[in-house]
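Here the structure comes first, spelled out in structure tokens, and everything after it is commentary.
Both backbone and side-chain heavy atoms feed into the values below; hydrogens, waters and symmetry mates do not. Letters go in sequence order (proteins before strands), and every chain restarts at 1.
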Number of protein chains: 2
Amino acid sequence: MATNLPEACGLGPAFRVINGKWKGTILWLCRKQPRRPGELRRLIPDVSEKMLIQHLREMVADGLLDRHDFGEIPPRVAYSVTDLGRELDDVLTPLAHWGLKHAARLTRDHPMSLVKA
Amino acid sequence: MATNLPEACGLGPAFRVINGKWKGTILWLCRKQPRRPGELRRLIPDVSEKMLIQHLREMVADGLLDRHDFGEIPPRVAYSVTDLGRELDDVLTPLAHWGLKHAARLTRDHPMSLVKA
DNA sequence: GCAAGTACCTACTATTTTGTAGGTGTCAAA
DNA sequence: TTTGACACCTACAAAATAGTAGGTACTTGC
């Protein structure tokens, strides 16, 4: 067995699409209803506009989100989750619960946890 | 609500402990039985020794793994999953299944997917 | 004696990800 | 007419993560 384990067990592909500082949050927010970029920016105060749009584009490319362009001017678009994205969100939920349940003991010093709310 | 969503929903803490190129794989391999570092190196051909040990240490610090030192010379240690690690592995399994199921359509060009097996 | 194995460690480099600061064009309200 | 909002875009800089190449101390087998 010389194959690479993360790929073989499925965690590789899964992490590739969901790794991104805000992708989980975006998925979660878009699940309830289609969201416009400006709306997401206001809901996630710490996200930069660049990262938001970059994440959205990648998630569309990965088939997690659909981008609907209303063709209006000024521009109006909305992102909604696809079936694939919904499935991912479903399996992510238990992970989020785990994280929440044990958040207290997971406060080791990780560089990126210094996001002061 | 000015709090930061990834933290609030639990995905923040969860990703912080499991993000690391090989952590999921390590968890999975150590679940079945305690593993020695050298054993893991052979099971995961692509991991560098530095990353392996770094990951192991972080996972111990996060309470996912236990490090047992046999106090022998030459050195012998073994890593086994804790209850917390087992819980995490449980919620990671559905995510891995999702990744496996949809691996084919998730072959977009991500930089780190160029790990030639 | 010398090479190889054990489980690490450190310095340095390269890659990847994220942040900052600016720009586009159109429109509506002040 | 200036300002702001909309949904992007780009170049550049910073930070985080991973890889490379070396070293430690000890022991066993050749």
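Contact annotation for Arg42(A): backbone-only contact, meaning every heavy-atom pair under 4.0 Å involves sugar-phosphate atoms and none involves a base. Within the nucleic acid shown, Phe70(A) has no heavy atom closer than 4.0 Å to any nucleic acid atom. In this structure, Ile53(B) reaches the bases: a heavy-atom distance under 4.0 Å links it to at least one base atom across the strands shown. When heavy atoms are screened at a 4.0 angstrom cut-off, Glu49(B) is found touching base atoms of the nucleic acid.
As a whole-Å value, the separation of Glu58(B) CD from dA16(D) P is 13 Å. As rounded to whole Å, 13 Å separates atom C1' of dA7(D) from atom CD of Glu72(A). Rounded to an integer number of Å, the gap from Met51(B) CE to dT15(C) P is 16 Å. Computed from coordinates, the Ile73(B) CD1 to dA7(C) C1' distance equals 11 Å when rounded to whole Å. Put simply, CG on Leu52(B) is 18 Å from P on dT17(D), counting in whole angstrom units. Residue Gln54(A) contributes atom CD, which lies 13 Å from atom C1' of dT20(C) at whole-angstrom precision. Rounded to whole Å, the distance from CZ on Arg67(A) to P on dC6(D) is 15 Å. To the nearest angstrom, P of dT17(D) lies 14 Å from CZ of Phe15(A).
Between dA16(D) and Arg16(B), no contact under 4.0 Å exists linking OP1 or OP2 to a side-chain N or O. Between Lys21(A) and dG19(C) there is a side-chain polar atom (N or O) within less than 4.0 angstrom of OP1 or OP2. Close to dC8(D), at under 4.0 Å from its OP1 or OP2, lies no side-chain N or O of Arg36(A). Proximity of Arg76(B) to the phosphate of dA7(C): no side-chain N or O atom is located under 4.0 Å from OP1 or OP2. Contact annotation: Tyr79(A) side-chain N/O to dC8(D) OP1/OP2 distance is under 4.0 Å. Of the side-chain N and O atoms in Arg57(B), one or more sit less than 4.0 angstrom from OP1 or OP2 of dC8(C).
Classified by interplanar angle (parallel below 30°, tilted 30° to 60°, perpendicular above 60°), the ring pair Phe70(A)/His68(A) is perpendicular.
For Lys50(A) and Leu56(A), each mapped to the nucleotide of DNA chain D holding its nearest heavy atom, the one lying further toward the 5' end belongs to Leu56(A). Closest-nucleotide positions on DNA chain C for Val47(A) and Pro74(A) were compared, and the one nearer the 5' end corresponds to Val47(A).
The shortest side-chain heavy-atom distance between Glu39(A) and Gln33(A) falls under the 4.5 Å cut-off. Put simply, the side chain of Tyr79(B) reaches to within 4.5 Å of the side chain of Pro37(B), judged on heavy atoms.
Put simply, the side chain of Thr25(B) never gets that close to the backbone of Leu5(A): no donor and acceptor are under 3.5 Å apart.
Heavy atoms of other residues, nucleotides or ligands lying less than 6.0 angstrom from CZ of Arg67(A) number more than 12.
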